[in-house]
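Structure, as structure tokens:
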Amino acid sequence: MYVYQVQKGVYDMKTIITIGRQAGSGGKEIGQKLADKLNITCYDKELLERAAKESGLCAELFENHDEKPTRSFLYSLVMDTYSYGYSGSTFSDMPINHKVFLAQFDAIKKIAEEGACVMVGRCADYALEENNNCLRIFINAPIADRVLRVSKIRDMTPAKTKDMLLKTDKQRASYYNYYTNKKWGDACSYDLCINSSALGIDGTVDLILHAVEEKEGKL
């Protein structure tokens, strides 16, 4: 098995790894294991916290809109009473879902400027589309394998698990497609698409580590 190691203080890593993922494919776990092996930070929900803090928008807004399709304009107007922070008439006039996306977009770019890291979801691959240091990954797996994995973790029936996973995937796809004008999960949108069931979680991590090494050699 391929093993990639980074010696702290010796190797100045530059690559930013973004991970899009189907629900239940292990994308979050893979991202964290990658970060641990590379001695860098993995941003998942932390992206929302950072965006909320820097934008001044209410933290609950980011939780409510997290990778979910755009809401109606009426809903946005109602929720807008909870927002504060960013100044300027253009920003003030935006629907709240657009404000939340913009704040996340800005947070992702700022985090990328700080150095190598792993970012899970939130259209990070799109936000960093022009960043040459970015390695864009998408993790998928057959629905049967995802149902089996998640139903054991959450102690849910297979039927309820499948319904939840498909709903989550639909929300993520709608959110991604709406804000990026690209297609969620389409191989053309990523540098590497991996079936985590074929390689297993650790095998997937090792494959990405190899891709990181190749990427680093070109930076």
Side-chain angles (χ1 to χ4, degrees), residues 1-9 11-53 59 62-63 66-67 104 107-128 131 133-141 145-156 161 164-165 168-169 171-172 175-176 184-185 190-216:
M1 180 176 292
Y2 182 85
V3 178
Y4 184 74
Q5 295 180 333
V6 175
Q7 296 181 20
K8 186 175 181 181
Y11 184 66
D12 183 20
M13 182 177 165
K14 299 178 181 178
T15 303
I16 299 156
I17 306 160
T18 65
I19 298 181
R21 73 283 185 228
Q22 288 184 322
S25 64
K28 180 178 180 179
E29 182 181 356
I30 289 166
Q32 188 57 63
K33 285 194 172 187
L34 275 170
D36 291 343
K37 284 180 175 290
L38 293 168
N39 194 34
I40 58 179
T41 303
C42 179
Y43 292 91
D44 184 20
K45 294 289 186 182
E46 295 82 2
L47 277 173
L48 307 183
E49 297 170 4
R50 177 78 172 261
K53 180 179 179 181
F62 290 87
E63 290 291 339
D66 188 23
E67 292 189 297
Q104 287 183 179
I108 288 168
K109 283 183 169 293
K110 288 178 181 177
I111 290 170
E113 290 174 357
E114 295 169 3
C117 63
V118 177
M119 298 190 198
V120 180
R122 284 88 192 179
C123 301
D125 61 289
Y126 174 71
L128 303 176
N131 190 317
N133 293 358
C134 189
L135 181 65
R136 301 160 187 85
I137 308 293
F138 189 84
I139 307 296
N140 61 76
D145 294 341
R146 293 189 282 138
V147 167
L148 181 62
R149 184 172 188 269
V150 175
S151 61
K152 287 182 177 179
I153 294 173
R154 299 201 178 190
D155 193 24
M156 295 169 57
T161 302
M164 179 193 71
L165 295 179
T168 301
D169 281 348
Q171 289 179 336
R172 288 176 179 173
Y175 178 86
Y176 184 91
W184 182 79
Y190 310 93
D191 298 312
L192 185 62
C193 296
I194 309 173
N195 178 350
S196 58
S197 288
L199 299 176
I201 297 298
D202 291 334
T204 299
V205 170
D206 286 338
L207 178 59
I208 298 174
L209 290 173
H210 181 69
V212 170
E213 183 180 37
E214 293 295 318
K215 179 75 173 179
E216 285 290 312

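Just so it is clear, the model here is predicted, and its values are computed rather than measured.
Separating the OG1 atom in Thr15 from the CG atom in Leu38 is a distance of 8.5 Å, to the nearest 0.5 Å. In this structure, OG1 on Thr161 lies 9.0 Å from CG on Asp155, to the nearest 0.5 angstrom. Taken to the nearest 0.5 Å, the CD atom of Glu113 stands 9.0 Å off from the CG atom of Asn131. Once rounded to the nearest 0.5 Å, the distance linking OG1 of Thr41 with CD1 of Ile111 reads 9.0 Å. Atoms CE and CD1, from Met119 and Ile17 in turn, are 10.5 Å apart once rounded to the nearest 0.5 Å. Between the OG1 atom of Thr18 and the OH atom of Tyr126 there is a distance of 14.0 Å, given to the nearest 0.5 Å.
A donor-acceptor pair under 3.5 Å links the side-chain atoms of Arg172 to the main chain of Arg21, judged by distance alone. No side-chain donor-acceptor contact under 3.5 Å links Asn133 to the backbone of Ile16. Not a single donor-acceptor pair under 3.5 Å links the side chain of Glu213 to the backbone N or O of Ala211. In this structure, the side chain of Arg122 engages the main chain of Val120 through a donor-acceptor pair within 3.5 Å. Of the possible donor and acceptor atoms, none in the side chain of Gln104 sits under 3.5 Å from a partner among the backbone N and O of Leu48. Using modelled atom types, no side-chain atom of Tyr176 and backbone atom of Cys123 make a donor-acceptor pair closer than 3.5 Å.
Asp125 and Arg136 get closest at one heavy-atom pair: O-NE, 3.4 Å. Scanning all heavy atoms of the two residues, the minimum distance from Tyr190 to Ile137 falls at CD2-O, 3.9 Å. Annotation for Ala112 and Leu128: closest pair CB-CD2, 3.6 Å, computed over non-hydrogen atoms.
Remark: Ala141 pairs with Ser25, Arg146, Asn195, Ser196, Ser197 by the side-chain contact (heavy atoms from CB on, under 4.5 Å) rule, at least two apart or across chains. For the side-chain contact (heavy atoms from CB on, under 4.5 Å) test, residues two or more places apart in sequence or in another chain that qualify with Glu214 are His210.
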Q: Give the C-alpha distance, both sets of side-chain angles, the deciding distance and a yes or no for side chain to side chain contact (heavy atoms under 4.5 Å, CB included) between Leu135 and Leu192.
A: CA-CA 8 Å; Leu135 181 65; Leu192 185 62; 5.6 Å; no
**Q.** Worked check of side chain to side chain contact (heavy atoms under 4.5 Å, CB included) between Arg149 and Ile201
**A.** CA-CA 12 Å; Arg149 184 172 188 269; Ile201 297 298; 4.2 Å; yes
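Cys42 pairs with exactly one of Ile30, Asp36, Val118, Leu34 by the side chain to side chain contact (heavy atoms under 4.5 Å, CB included) rule, that one being Val118.
Using a 30° and 60° split on the angle between ring planes, Phe138 and Trp184 fall in the perpendicular class, above 60°.
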